[in-house]
J.: 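Quick one: this structure, given as C-alpha cells, is what I'll be asking you about.
One is the number of the first residue; the rest follow in order along the sequence. What you see below is based on every heavy atom in this structure, not just the backbone, and it leaves out hydrogens, waters and symmetry mates.
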Amino acid sequence: MLDFFRYLTAAVMTLIAVWRFPAVRYGDAHRRALWGGYAGFSVALWLYTPAALHAVDRIPVIDLNALLRHFASTAAIIASLTYVATSYGKSSEAVVPRHVTVSRWIARASYPVGAIGVTLLTILFFTVVDRHRQSEDFLSDHAGELGAAVYMSVFYFFPLVTTAVCGYQWSRGAREAETTSMRIGLRLMGISMWMGLLHTTARIVIVWTAVFFPLSHSTVEILIDLTAMWMNLLFLIVAVGASIPTTSVVAARWKTWKTLYRLHPLWFDLVKAFPGTSLYPPGSRLAELIHMRVPSDVRLDRWTQDVADACEKLRYYAPETLLWAAEETASSHPDPEPGAEAYWIAAALRAAASTKASQYATAPLQEKPFVDTNSEAAWLVRVSKAYAVITPGDAQELLQQSAELSLEPDA
C-alpha cells in the first residue's frame with residue numbers, strides 16, 4: 001500500500017511539474033520558482049519509489065539514493081521559499097509588513113545556507129554515516145546511529161523552516177484571498193505545510209529517540225511508515241490545493257488549444273500562400289499544437305493577425321465580383337455569413353496561385369464588431385469550419401461564376 005502511494009504522489013507531482021514547465025521558458029521569477037519546487041519534489045518523491053531505489057542501487061555508492069533524495073528536496077525547498085518571498089512582489093513602501101520582510105530575508109539566506117547545507121550533508125554522508133551495507137530503508141536501517149541522526153538533523157533543518165514559513169504565509173493569504181478558489185487552494189496548501197511541520201518534527205523525534213532510547217527495528221519501521229504515509233498525504237493535498245486556483249486557467253488554456261486546432265487549416269493555407277506573413281514557417285497541425293515557442297494565447301493572437309493580413313493581400317487577387325458570388329453561393333449554407341467569407345478566401349487563394357496581383361485592391365470583407373481576440377477567433381473558427389469542406393473544384397467554379405457576374409451589364 002505504501003509503495004502505491006509513493007508512485008501515486010510522485011506521478012501527481014510530476015504531472016504538475018510538466019504542466020507548469022512553460023514557466024521555465026517564458027515565466028517570471030515567481031512562476032519559475034513554483035515550477036522549481038514541484039520539479040524538485042517530484043524528483044525526490046520518485047527516488048522514494050522501489051523502481052528508482054533499485055536503479056540507483058546499481059551505482060557503486062552505498063545509500064546514494066538517500067543523498068540524491070536529500071539534494072533534490074533541498075533544491076525544492078529553496079525554490080519554495082523563493083516562491084513565497086516573490087509572492088509579495090517588489091514593494092516600494094517605506095514600511096513593509098514584518099512577515100513579508102522575514103520571508104524575503106529567509107529566502108535570500110536560503111541560497112548560501114543551502115549551499116553550506118548540501119556541502120555539510122555530503123561530508124557527513126561520507127564520513128559519519130555507517131554505510132557498510134546497502135540499506136533497504138535509510139532511516140529504519142540506520143536508526144540508533146549517532147552519525148545518521150546528525151546527518152538527518154542537518155537535512156531536516158531545511159523542511160522545518162520551510163514548512164513553518166510557507167504554512168504561516170499561505171494560511172494568512174487564505175484569509176485575504178479575493179476569490180473562493182484561491183481561498184480554498186491556499187487554505188489546503190497551508191494545511192499541508194502544517195502537516196509537513198508535524199512530519200518533520202516527528203521524524204526528528206524518532207531519529208533522536210532511537211539514539212538515546214534504543215527501539216526495536218520493527219517499532220522504528222512502523223513509525224517511519226506512518227510518517228511516510230503522512231508525507232505522501234500532505235503532498236497530495238499540496239497538489240490539490242495548487243490545482244484548484246488554476247482550474248479557470250486550465251479551462252481557458254483548453255479552449256484556446258481547441259480554437260487553434262480548429263483554426264489551423266485556414267491559417268496554414270493563408271500563411272503558406274504568402275510567405276513572411278507569419279513570424280515562422282507554418283507546420284502541420286500536430287507540430288503547431290505541441291510546440292512551446294510562445295504561450296497558446298499569444299499564438300492565437302498572432303494567428304488571427306496572420307489571417308487578417310493574408311486576407312488583405314488576397315484583395316489584390318480577388319475579382320471585384322467574387323464577394324457577391326461567394327455570398328450567393330453561401331446563401332444556402334448552414335452558416336451563411338462565415339460560409340461566404342470562406343468561399344471568398346478559397347477562391348481568392350486559387351486566383352492568387354494562377355494570376356498576378358492587381359494594382360488595386362478590391363472591396364474589403366464585411367467589417368465585424370470584434371471586441372477582443374477571442375471574439376475574432378470565434379468568428380474565424382466558423383470560417384475555418386466552412387473553408388475545410390470547400391474543394392479546389394468548388395473554388396474554381398466560384399471564380400467562373402464571379403467572371404460571369406462581371407460580364408453582366410449591371411455587375
Side-chain angles (χ1 to χ4, degrees), residues 259-289 291 299-368 370 373 376-411:
T259 302
L260 289 169
Y261 178 86
R262 294 169 178 170
L263 185 57
H264 180 270
L266 178 65
W267 171 82
F268 180 86
D269 286 354
L270 286 170
V271 297
K272 187 178 180 181
F274 299 103
T277 302
S278 177
L279 293 177
Y280 53 86
S284 66
R285 178 181 273 174
L286 178 61
E288 290 293 339
L289 293 177
H291 84 72
R299 193 153 22 121
L300 180 60
D301 183 68
R302 287 183 179 178
W303 282 22
T304 57
Q305 293 301 317
D306 292 344
V307 171
D309 292 344
C311 287
E312 282 297 305
K313 295 177 181 178
L314 282 179
R315 291 173 56 200
Y316 291 89
Y317 296 92
E320 186 67 40
T321 54
L322 180 59
L323 186 56
W324 301 337
E327 290 175 345
E328 182 178 342
T329 302
S331 59
S332 59
H333 192 274
D335 200 1
E337 292 184 358
E341 189 164 314
Y343 273 106
W344 182 89
I345 292 173
L349 280 173
R350 191 164 182 83
S354 57
T355 61
K356 293 183 178 180
S358 171
Q359 187 177 358
Y360 304 101
T362 57
L365 294 170
Q366 184 178 359
E367 187 175 350
K368 276 78 67 176
F370 299 133
T373 298
E376 183 174 3
W379 167 264
L380 291 178
V381 164
R382 293 165 64 189
V383 175
S384 184
K385 181 180 179 181
Y387 174 83
V389 297
I390 298 174
T391 65
D394 294 334
Q396 184 62 43
E397 183 179 348
L398 184 60
L399 285 175
Q400 293 175 357
Q401 292 177 10
S402 174
E404 292 173 0
L405 283 174
S406 64
L407 297 177
E408 293 181 4
D410 56 343

J.: Considering all heavy atoms of both residues, which atom of Tyr387 and which atom of Pro265 are nearest to each other, and what is their separation?
T.: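 Here Tyr387 and Pro265 meet closest at CE2-O, 4.0 Å.
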J.: To the nearest 0.5 Å, what is the distance between CD (Glu397) and OG1 (Thr391)?
T.: 8.5 Å
J.: Just wondering, more than 12 heavy atoms not from Glu327 lying within 6.0 Å of its CD?
T.: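 Check passes, neighbour count above 12.
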J.: Sub-3.5 Å donor-acceptor pair from the side chain of Glu288 to the main-chain atoms of Gly283, do we have one?
T.: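 Pair found, side chain donor or acceptor close to backbone of Gly283.
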J.: Would you check, one step at a time, whether the test side-chain contact (heavy atoms from CB on, under 4.5 Å) holds for Leu263 with Leu300?
T.: CA-CA 9 Å; Leu263 185 57; Leu300 180 60; 4.1 Å; yes
J.: If we ignore hydrogens and angles and just use 3.5 Å, is the side chain of Arg285 paired with the main-chain N or O of Phe268 as donor and acceptor?
T.: no
J.: Can you name the nearest heavy-atom pair linking Leu398 to Ala326, along with the distance?
T.: CD1-N, 3.7 Å
J.: Using a cut-off of 6.0 Å, state whether more than 12 heavy atoms not belonging to Lys385 lie near its atom NZ.
T.: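 Not more than 12 within 6.0 Å, no.
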J.: Provide the closest heavy-atom pair for Ala308 versus Glu376 in the form atom of the first, atom of the second, distance.
T.: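 Closest pair (atom of Ala308, atom of Glu376, distance): CB-OE2, 4.4 Å.
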J.: At their closest point, which heavy atom of Ala346 faces which heavy atom of Ala395, and how far apart are they?
T.: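 So the two residues come closest at O-CB, 3.7 Å.
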J.: Short question: side chain of Thr321, backbone of Trp324 - any donor-acceptor pair under 3.5 Å?
T.: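 Checking the backbone N and O of Trp324 against the side chain of Thr321, no donor-acceptor pair under 3.5 Å is found.
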J.: Restricting to non-hydrogen atoms, name the atom on Gly339 and the atom on Ala386 that form the minimum distance, rounded to 0.1 Å.
T.: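 What the structure gives for the nearest pair is CA-CB, 3.9 Å.
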J.: Taking Ser278 for its side chain and Pro281 for its backbone only, find out whether a donor-acceptor pair lies under 3.5 Å.
T.: no
J.: What is the distance from atom CG of Leu365 to atom CD of Glu312, rounded to the nearest 0.5 Å?
T.: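 So the CG of Leu365 and the CD of Glu312 are separated by 8.0 Å.
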J.: Determine the interplanar angle of the Tyr317 and Phe274 rings, folded into 0 to 90°, and report it as parallel if under 30°, tilted if 30 to 60°, perpendicular if over 60°.
T.: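 It falls in the tilted class, 30° to 60°.
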J.: First locate atom OG1 of Thr277, then atom CG of Leu270, and finally report the distance between them rounded to the nearest 0.5 Å.
T.: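 Result: 8.0 Å between the selected atoms.
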J.: Flag the pair Leu314 / Trp344 as yes when at least one side-chain heavy-atom distance between them is below 4.5 Å, and no otherwise.
T.: yes
J.: Does the side-chain contact (heavy atoms from CB on, under 4.5 Å) test come out yes or no for Thr362 and Leu323, once each step is laid out?
T.: CA-CA 9 Å; Thr362 57; Leu323 186 56; over 6 Å; no
J.: Which atom pair, heavy atoms only, marks the closest approach of Leu322 to Ala348?
T.: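 Taking every non-hydrogen atom into account, CD2-N, 3.8 Å.
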J.: Strictly distance-based, threshold 3.5 Å: is any side-chain N or O of Thr329 a donor or acceptor partner for the main-chain N or O of Ala325?
T.: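 A pair under 3.5 Å: yes.
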J.: Measure the spacing between OG1 of Thr304 and CZ of Arg299 and express it to the nearest 0.5 Å.
T.: 13.0 Å
J.: When rounded to the nearest 0.5 angstrom, what distance separates CD in Glu328 from OH in Tyr343?
T.: 12.0 Å
J.: Is there a donor-acceptor pair under 3.5 Å between the side chain of Asp309 and the backbone N or O of Asp306?
T.: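 No: the side chain of Asp309 does not pair with the backbone of Asp306.
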J.: Enter the distance from Glu337:CD to Asp335:CG here, rounded to the nearest 0.5 Å.
T.: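 One gets 8.0 Å once the value is rounded to the nearest 0.5 Å.
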